[in-house]
Amino acid sequence: MKITFAAALFATVAFVVPVAAEDTVKLIDVIELSGAGATAGTNWKNGVDLAVAEINAKGGILGKKIDIAHYDTQTNPGNTRAAVQRAIDEGTYVVLGPVFSGPIGASMQIAQKAGVPQFVGGEAASLTKQGNPYLFRSSLNQADAMPKLANWFRDDLKAKSVAIIWVNNDFGKGGRDAMIPELQKRGIAVAADIATESGQADFAADAIKVKGSNADAVFVYLNEEESARFLRAAKQQGIDKPLVGETTLLGAKVIELAGEAANGVKGHVGLSVDAPIPGFKTFSDAFQAKYNYKSDHNGIKGYTSVWAIKTATEKNGSFDREALMKTMHGLRISPKDVPGILIETKWNDVGDVDRESFLAEVKDGRQVITKVLPMINP
Amino acid sequence: MDQFLQLLVAGLATGAIYALAAIGFTLVWQTSQTINFAQGEFVMLPAILALAARDLLHLPFWAAAILATVVFLLLFGLGFKRFLVDPMLKHGVLPLAIATMALSILMKEGAKDGYSAQAAQFPSLVPEGTFSLLGAAVSLRDVAVFVVAITAIVALQLFVTRTRLGRTMQATAQNPTVARILGVRVERMILLTFLINAGLAVLASYLISPIYLAKFSNGEVIGLSAFIAAIVGGFNQVRGALAGGFIVGLVDNLAAAYVSSGYRTAVPLGLLVVFILFKPEGLLGRREERTV
């Protein structure tokens, strides 16, 4: 009896499990679900989950359902390396995430060495300068945003001097290093250059320093939670000069956390659910219905990454990682063909993304798009 | 000058909150001769409990804050003493100190998994805005935080030194054996001390969370700063913790402004090393001799 049972069990394991495994394609998301990047990572994860649910409901990729797993990096580069290695060992088709540039920089060589494409949310300019053909962004390279912002400081704000406050990690330093030459080219002086720490809680002293610089405008380049803390401190210390930043200063979560202190903030946003793009509205409604809050740009990044993987894979007709990598370079996806991509997007030969972007301002607790900027190389 | 004045006010406000947390270190030290390594998490948790009560029970914020305060006093005033300090203290102060380390991790991870890993906005209990003082725009919230924290500390000092119950509590802390011989209900006095510690932690939590945003990891920063404040001021004196809190708050803010944000934590730690080397009893602390 025991032998019969064991034989039946063996038969089940031998025949049923492989069949089940072949019906799915594994995607592992290595993401910041705690630590300083929790806000960004949670939005990304929810965006990924929403895309996976929609794609699976429509039959999956090439007839296979996506089997998604999320590993928390705790916003720690060491943990990220371990999680990327684990994802590869467990046979992920593609590595999704992380969002923070530092952990991406610390882990991207592992996926490259294994020949596994990686779709990330990082914006640091240095990421796609390292000759890694397997790395693909889901957001604009920060170096592409800075000239647009520098023009805005000169032409719209008529600023002669700008104070820069930035977070001392790969993302922040990359932004600061890209912005300073752009300001100098336009004859704008850097009145203060203030580095802050990732995860910093108290910004009173930094806000007082910014105020003391008497700059005509302030360029804020911090991650989401720190942006919100700085905006609150800026209000408390009576800073009345224009506060200008990038997507991380005007995101939905920052506006929620900063409250009234976010009103009047201006900046350039690569992705926004408030942008006048029909796809964003559809995504935003679905996200709100599923998670009961408004997605920030990281939700869009996670969502569109999964749709890009599906599109490129189906174009290839197989789950070949090498072919996926090659197809992604130069790929252009239109929402007319793939509604899940939300906005016309193309990837260049180094994995950078090109798409329309937006100038925005926070009014009455809402991000309002004031101008649509064209693609860099349409 | 304007900038210095603003930094001074911001530093005093932060320092007053550190002082509230640092007093907790001194109270636990006086009653159990141990260090509560979960003190930072004691300050982190009440704000998270209030937000959880508001969001999960759909209570108005004031009701959620009251409920959170009561729950916290029961769990981390009464419960902390009954279920952690009392059983562990029998085995010595080191096992108790290690148990508080475990408690700090439990509180942090519990807040993360039970509520959220993300920061959340916490309503300010004090007025916001700025007013002009000697030409500088001073934060109304900083001044209000300072006043509320100092009022609480002065009230505690008056209670301890001017009331019969407070003096009994102090006598228990100084020599529990003699206090017991004189008829003092020592256990009740120790419980009162723990409840006061929990109450101060709640106040610190409600004051600092609008500035830091409520987040499970806030205890790390607050706990370290309050620990340094308690050592610099004197671990066995409430007024020492108060002085230490102000010193650390001021040094922290001035270092961030005039040195760099990267070194803001290092400067108070340097101060800590100097005090340990040259004045180990702290600025206002008493020298203690022990039999070994």
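Quick note on labels: first sequence line is chain A, next is B, and so on, each numbered from 1.
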Under 4.5 Å from a heavy atom of chain A, the part of B:F122 involved: backbone
Pick one of side chain, backbone, both or neither for A:A36, based on which atoms fall under 4.5 Å of a heavy atom in chain B. backbone
Would you say that more than 12 heavy atoms from the other residues, nucleotides or ligands in this model lie under 6.0 Å from the OH of B:Y263, or not? no
A:N168 versus chain B, the contacting section by heavy-atom distance below 4.5 Å: neither
Below 4.5 Å, heavy-atom pairs only: which of A:E197, A:K209, A:Q236, A:Q200 has the largest tally toward chain B? A:Q236
Calculate, to the nearest 0.5 Å, the distance between atoms CD and OG belonging to B:E109 and A:S34 respectively. 7.5 Å
Is B:K215 salt-bridged to A:E225, cutoff N-O under 4.0 Å? yes
Scored by heavy-atom pairs under 4.5 Å with chain A, the best of B:Y258, B:F216, B:Y212 is B:Y212
Decide if atom NZ of A:K160 counts as having more than 12 heavy atoms of other residues, nucleotides or ligands within a radius under 6.0 Å. no
Pick from A:L33, A:T42, A:L257: which one makes a side chain to side chain contact (heavy atoms under 4.5 Å, CB included) with B:Q118? A:T42
I'd like to know whether A:K211 forms a side-chain contact (heavy atoms from CB on, under 4.5 Å) with B:Q6, so could you lay out the CA-CA distance, the side-chain angles of the two residues, the decisive distance to 0.1 Å, and finally the verdict. CA-CA 10 Å; A:K211 193 179 177 197; B:Q6 277 187 275; 3.9 Å; yes
Minimal non-hydrogen separation, A:A38 against B:A117, with atom names: CB-O, 3.5 Å
Side chain, backbone, both or neither: which part of B:A10 has an atom under 4.5 Å from a heavy atom of chain A? side chain
Which bit of A:E256 is near chain B, if near means a heavy-atom gap under 4.5 Å: side chain, backbone, both or neither? backbone
Which of B:L7, B:D142, B:V9 passes side chain to side chain contact (heavy atoms under 4.5 Å, CB included) with A:Q237? It is B:D142
Enter the distance from A:R232:CZ to B:Q121:CD here, rounded to the nearest 0.5 Å. 4.5 Å
At a heavy-atom distance under 4.5 Å, which candidate from B:T130, B:L213, B:I208 has the highest pair count against chain A? B:L213
Heavy-atom cut-off 4.5 Å, strictly under: side chain, backbone, both or neither for B:T14 against chain A? side chain
